[in-house]
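Worksheet: one structure, shown below.
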Amino acid sequence: MKGTTIVITSGKGGVGKTTTTANLGTALAMRGHRVVVIDTDMGLRNLDVIMGMESRVVYDLVDVVEGKCKAHQAMVRDRHRFELYLIPAAQSRDKNSLHAEQLQALCGELENEFDYVIVDSPAGIDQGFRIAISPAREAIVVVNPEVAAIRDADKVIGLLEASGLRRPKLIINRVSPEMVRRGDMMGQDDIVSLLSVEVLGMVPMDERLIIAANRGVPVVYDRKSAAGAAFHKIAACMDGDEVPIAAIDGRSGLMDRVKGLIGIDRSAFSHV
């Protein structure tokens with residue numbers, strides 16, 4: 001059966017998009033799938049560092065599309081027993097080094113061999129974003145429960161749907177249940193009411209995630225990590241399992257202020 005290319009993106013940088021890519025790719029591989037993750041953030045290569053593969057990089061994505069090596073020569077395999085591979089971004093090249101047609105051709109080839117091809121998109125909505133989403137059949141938007149991140153996510157969702165990716169899904173990252181309950185942070189229902197997009201999962205704040213990223217080990221390997229458990233649940237949902245998302249109810253009053261700050265009129269949403 002042919003695999004699926006999924007792009008993981010965000011409007012705002014620093015929301016945890018690359019960490020999400022690393023952990024979902026790893027979690028899917030731990031479920032027995034063949035997975036390849038592709039870093040398209042030219043000049044700012046970080047996915048290899050988070051996955052602990054930076055010392056074994058020889059070739060990169062640009063080398064592949066320019067024909068300097070085969071795709072398999074550029075792939076770095078995870079040290080564990082799972083079928084997980086990385087094609088790193090080019091650290092010394094810019095976004096003009098990669099074209100949409102090249103990435104489409106590569107992902108189409110990889111879909112014949114892998115169950116999941118996961119593309120880590122650069123943050124923002126410029127050329128790099130448009131190239132990264134071009135081969136995707138599905139899209140996941142990573143967002144933090146913050147005003148700026150929500151506003152940027154709205155723009156990204158509109159662009160995704162305009163490109164033909166009609167039902168992007170949302171991962172809400174760095175959620176503090178206590179802050180949500182106090183009414184100091186937006187919860188799932190608040191964000192859905194603003195963005196009108198299905199939530200795939202929520203990832204709590206977790207210091208173990210920071211420690212794991214600094215060590216170059218995806219947090220899904222840490223059985224004591226709440227964030228790791230959340231990524232495993234999200235991977236199960238991606239795999240077709242029915243996994244309920246824990247609801248966190250907040251106090252009323254926050255949303256009125258947020259709507260005023262963002263200036264969102266739901267009737268004017270580009271993607272509604």
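Quick caveat: nothing in here was measured; it's all calculated off a predicted structure. Computation of the quantities below employed the complete heavy-atom set of this structure, encompassing side-chain atoms and omitting hydrogens, waters and symmetry-equivalent molecules.
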Extract all donor-acceptor atom pairs below 3.5 Å that involve side chains of residues 2-10 and protein atoms in other chains or at least two apart in sequence.
from, atom 1, to, atom 2, distance (Å)
Lys2, NZ, Asn112, OD1, 3.1
Thr5, OG1, Glu111, OE2, 2.6
Thr9, OG1, Ser121, OG, 3.4
Ser10, OG, Lys12, O, 3.0

field: With sequence neighbours excluded, residues passing side chain to side chain contact (heavy atoms under 4.5 Å, CB included) with Thr19
entry: Asn23, Ile50, Leu209
query: salt bridge (Lys or Arg N to Asp or Glu O under 4.0 Å): which pairs involve residues 74-91, sequence neighbours left out?
result: Arg34-Glu83, Arg77-Glu83
task: Not counting sequence neighbours, which residues clear side chain to side chain contact (heavy atoms under 4.5 Å, CB included) with Gln73? List them please.
output: Tyr59, Cys69, Lys70
query: When you measure from the side chain of Asp63 to the backbone N and O of Asp60, does any donor-acceptor pair fall under 3.5 Å?
result: yes
Set of ring pair (Phe, Tyr, Trp, His ring centres under 6.0 Å) partners for Phe231, sequence neighbours left out: none
message: Going by the rule salt bridge (charged side-chain N to carboxylate O under 4.0 Å, His left out), which residues pair with Asp41 if we only count those two or more places apart in sequence or in a different chain?
response: none
message: Is a donor from one side chain sitting under 3.5 angstrom from an acceptor on the other, for Ser225 and Asp206?
response: yes
field: Closest non-hydrogen atom pair, Leu47 against Ile38
entry: CD2-C, 4.4 Å
By side chain to side chain contact (heavy atoms under 4.5 Å, CB included) - contacts of Thr26 (at least two apart): Met30, Met51, Leu84, Pro218, Val220, Tyr221
For Tyr85, all residues meeting ring pair (Phe, Tyr, Trp, His ring centres under 6.0 Å), sequence neighbours excluded: Phe114
- line: Those residues at least two apart in sequence (or on a different chain) that pass ring pair (Phe, Tyr, Trp, His ring centres under 6.0 Å) with His232 are none
field: Which residues share a side chain to side chain contact (heavy atoms under 4.5 Å, CB included) with Val57, sequence neighbours left out
entry: Arg45, Asp48, Val76, Pro88
field: Qualifying salt bridge (Lys or Arg N to Asp or Glu O under 4.0 Å) pairs with a residue from residues 235-244, counting only residues at least two apart or across chains
entry: Arg31-Asp239, Arg31-Asp241
message: Test: ring pair (Phe, Tyr, Trp, His ring centres under 6.0 Å). Region: residues 191-216. Which pairs qualify, not counting sequence neighbours?
response: none
